[in-house]
Amino acid sequence: MTQAQAADLLNWYDRHARVMPWRVGPQDRAQGVRPDPYRVWLSEVMLQQTTVAAVRDYFHRFTARWPTVADLAGADDADVMGEWAGLGYYARARNLLKCARVVAHDLGGVFPDTRDGLMALPGIGPYTASAIASIAFNQPETVVDGNVERVMARLYDVHTPLPRAKPELTALAAALTPQNRPGDYAQAVMDLGATICTPRSPACGICPWRDPCVARTAGTAATLPKKEPKKPKPTRHGIVYVARRDDGAFLLERRPDKGLLGGMLGWPGSDWNDAPQPAPPLDADWRELPAQALHTFTHFHLRLTVMIATVGAQAQPQQGAFLPHATFRPSDLPTVMRKAFDLARPEFDNTP
DNA sequence: AAAACGTGGAC
DNA sequence: TGTCCAAGTTT
């Protein structure tokens, strides 16, 4: 019964698998081609809470610049954080480097091939460990991501809201996981969730699991999975200071590793709260821009007031350091800081 | 164990 | 415009 269901899904995957740069397709896989564990790991970390569309270009840039785990382990922290800029959840990038260095220096450059071994590494949790073990090492582990939760909730018409339903959905997913082709099966369920069993208006008519799906029969598919209500996001305020030196250098600071945007480059400024105190990083003739930078994080909205100033070569900052014009890439900034820069930049162009 | 942690696209 | 959501992990 369940074996037949798994076979139905694998047949569907053989015909409809999405093509992705880190993936070995079912045809090649059948010929014995194995995916590179480094690329599987890198893609899985990038894909945590992040869409395939957003990951593609980052994956290409990372693998072009650091083709192996040893290359990545030898990279400078600032270069890795800069390449990650814009992708979000920056703890992933810090843990990525930590993990690469453990694998390169302590494990001889070889990734563990078991779920437990993988889970011991920084930035690898239950989902990612199962994904790497099954996809890269063909271990019969069960992956449970948002797609799998949705597919299982519908297949068995589970109305318990998430995250409470997670253990139940995990058990249901495990019972379906076949012993053969575990990697293809894992990717097949996720492809099904991403292309057929979508959050809104699922395409039940062309679903390989149309017949056994309880929620489709009950007419509840589109309402599942249920979720606990979310808390409203408060709005916080902050002030950033964008100083441009005569020679084109900009005053930037490296944020501490802990906390929001940890380890990333940013403009010096105030704390972010209801009524931020001015905190200019150096004495200058600061001018407030008429427009604010608006940005929404996971748990709050932010309205950033942008102050700008042009300073001379003798300027001595109390916070941060001037980054030479030739060294500064705006693309190294996290998005909220790039938004502030996008407001400030034309002002410097207009008043050189 | 609840909260922190980013961003961009779809509707 | 606002809300939801995406191959979750850490503390």
Side-chain angles (χ1 to χ4, degrees), chain A residues 18 20-23 39-59 81 84-96 98-99 118-136 141-151 162-164 166-167 170 173 183 185-195 197-201 222-223 225-236 255-264 266 272 293-302 331 333-339:
Chain A
R18 291 180 292 172
M20 297 196 268
W22 48 84
R23 173 178 283 181
R39 293 165 65 89
V40 173
W41 163 71
L42 179 61
S43 68
E44 289 299 341
V45 173
M46 286 183 166
L47 286 162
Q48 291 167 4
Q49 297 287 283
T50 308
T51 58
V52 169
V55 164
R56 271 211 165 80
D57 290 349
Y58 284 87
F59 181 83
M81 299 313 286
W84 198 276
L87 200 54
Y89 285 140
Y90 297 102
R92 292 185 294 171
R94 302 194 301 274
N95 286 329
L96 189 81
K98 281 187 202 165
C99 182
L118 289 158
M119 267 229 276
L121 294 169
I124 299 183
Y127 162 75
T128 306
S130 286
I132 299 172
S134 62
I135 296 169
E141 300 291 355
T142 301
V143 302
V144 183
D145 72 331
N147 289 304
V148 177
E149 289 174 352
R150 185 170 58 255
V151 170
L162 285 167
R164 202 148 38 96
K166 174 104 177 178
T170 299
Y185 177 80
Q187 296 175 93
V189 193
M190 294 191 282
D191 273 20
L192 184 72
T195 63
C197 196
T198 53
R200 297 172 267 245
S201 48
T223 73
K226 305 281 193 196
K227 302 213 171 165
E228 301 283 7
K230 305 196 160 116
K231 292 178 179 163
K233 295 179 199 224
T235 297
R236 296 184 194 169
R255 298 174 63 87
D257 273 350
K258 298 282 181 190
L260 195 66
L261 310 180
M264 298 301 290
W272 297 348
L294 305 182
H295 192 74
T296 298
F297 291 101
T298 310
H299 50 297
F300 65 93
H301 304 286
L302 179 66
S331 63
L333 296 173
T335 300
V336 63
M337 298 296 174
R338 194 182 39 70
K339 284 182 181 176

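In what follows, every chain begins at residue 1, and chains take the letters A, B, ... in the order their sequences are listed. Given the structure is predicted, the values throughout are model-derived calculations rather than measurements. No hydrogens, no waters, no symmetry mates; every other heavy atom, side chains included, goes into these values.
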Item to complete: Could I get the full list of side-chain hydrogen bond (donor to acceptor under 3.5 Å, both in side chains) partners for A/Ser130, not counting sequence neighbours?
Response: A/Arg115
Worksheet item: Does A/Lys226 have any side chain to side chain contact (heavy atoms under 4.5 Å, CB included) partners at least two apart in sequence or in another chain, and if so, which?
Response: A/His159, A/Pro161, A/Thr223, A/Leu224
Worksheet item: Rounded to the nearest Å, what distance is computed from the CD atom of residue A/Glu44 to the P atom of nucleotide C/dG8?
Response: 9 Å
Worksheet entry | Qualifying residues under side-chain hydrogen bond (donor to acceptor under 3.5 Å, both in side chains), relative to A/Ser134, sequence neighbours excluded | none
Worksheet item: Of all residues at least two apart in sequence or in a different chain, which pass the side-chain hydrogen bond (donor to acceptor under 3.5 Å, both in side chains) check with A/His301?
Response: A/Thr296
Worksheet item: Is a side-chain donor-acceptor pair under 3.5 Å present for A/Glu44 with A/Tyr127?
Response: yes
So which protein N/O to nucleotides 3-5 of chain C N/O distances come out below 3.5 Å?
from  : atom 1 : to       : atom 2 : distance (Å)
C/dC5 : OP2    : A/Lys230 : NZ     : 3.3

Worksheet entry | Test salt bridge (Lys or Arg N to Asp or Glu O under 4.0 Å) applied to A/Arg338 - qualifying residues, sequence neighbours left out | A/Asp342
What pairs of nitrogen or oxygen atoms, one from the protein and one from nucleotides 9-11 of chain C, lie under 3.5 Å apart?
from   : atom 1 : to       : atom 2 : distance (Å)
C/dT9  : OP1    : A/Gly125 : N      : 2.8
C/dT9  : OP1    : A/Gly125 : O      : 3.3
C/dT9  : OP1    : A/Thr128 : N      : 3.0
C/dT9  : OP1    : A/Thr128 : OG1    : 2.9
C/dT9  : OP2    : A/Pro126 : N      : 3.4
C/dT9  : OP2    : A/Tyr127 : N      : 3.3
C/dT10 : OP1    : A/Gly123 : N      : 2.6

Discussion item. Using a heavy-atom cut-off of 4.0 Å across all strands, would you classify A/Gly193 as base, sugar-phosphate, or nothing?
Written reply: nothing
Discussion item. Any heavy-atom pair between the side chains of A/Val55 and A/Ser43 that's under 4.5 Å?
Written reply: no
Item to complete: List for me each residue that meets ring-ring contact (aromatic ring centres under 6.0 Å, His included) alongside A/Phe59, sequence neighbours excluded, and say none if there are none.
Response: A/Trp22
Worksheet item: Hey, does A/Trp84 reach any base, or is it just sugar-phosphate, or nothing, if we go heavy atoms under 4.0 Å?
Response: nothing
Item to complete: Kindly write out the residues that satisfy side chain to side chain contact (heavy atoms under 4.5 Å, CB included) with A/Gln49, not counting sequence neighbours, or none if the list is empty.
Response: A/Tyr89
Worksheet entry | P gap between C/dT11 and B/dG6, integer Å | 13 Å
Worksheet item: Counting any heavy atom closer than 4.0 Å, what does A/Arg164 reach on the DNA or RNA strands: base, sugar-phosphate only, or nothing?
Response: nothing
Practice prompt. Round to a whole Å and report the spacing from CG of A/Leu47 to P of C/dA6.
Written response: 13 Å
Discussion item. I'd like the P distance from B/dA10 over to C/dA7, given in whole Å.
Written reply: 15 Å
Fill in: Residue list, side chain to side chain contact (heavy atoms under 4.5 Å, CB included) with A/Arg18, at least two apart or on another chain
A/Met20, A/Arg23, A/Val52, A/Asp191, A/Ala194, A/Thr195
Discussion item. My understanding is that only residues two or more places apart in sequence, or in another chain, count here; which of them pass side-chain hydrogen bond (donor to acceptor under 3.5 Å, both in side chains) with A/Thr50?
Written reply: A/Arg92
Worksheet entry | A/Leu118 CG - C/dG8 C1' separation (whole Å) | 15 Å
Practice prompt. Check every strand shown and say whether A/Gly86 touches a base, only sugar-phosphate, or nothing at a heavy-atom separation below 4.0 Å.
Written response: sugar-phosphate
Item to complete: Could you check whether A/Thr335 gets within reach of a base, just the sugar-phosphate, or nothing at all, counting any heavy atom under 4.0 Å?
Response: sugar-phosphate
Discussion item. Of all nucleotides in DNA chain B that come within under 4.0 Å of a heavy atom of chain A, which is furthest toward the 5' end and which toward the 3' end?
Written reply: B/dA3 to B/dG8
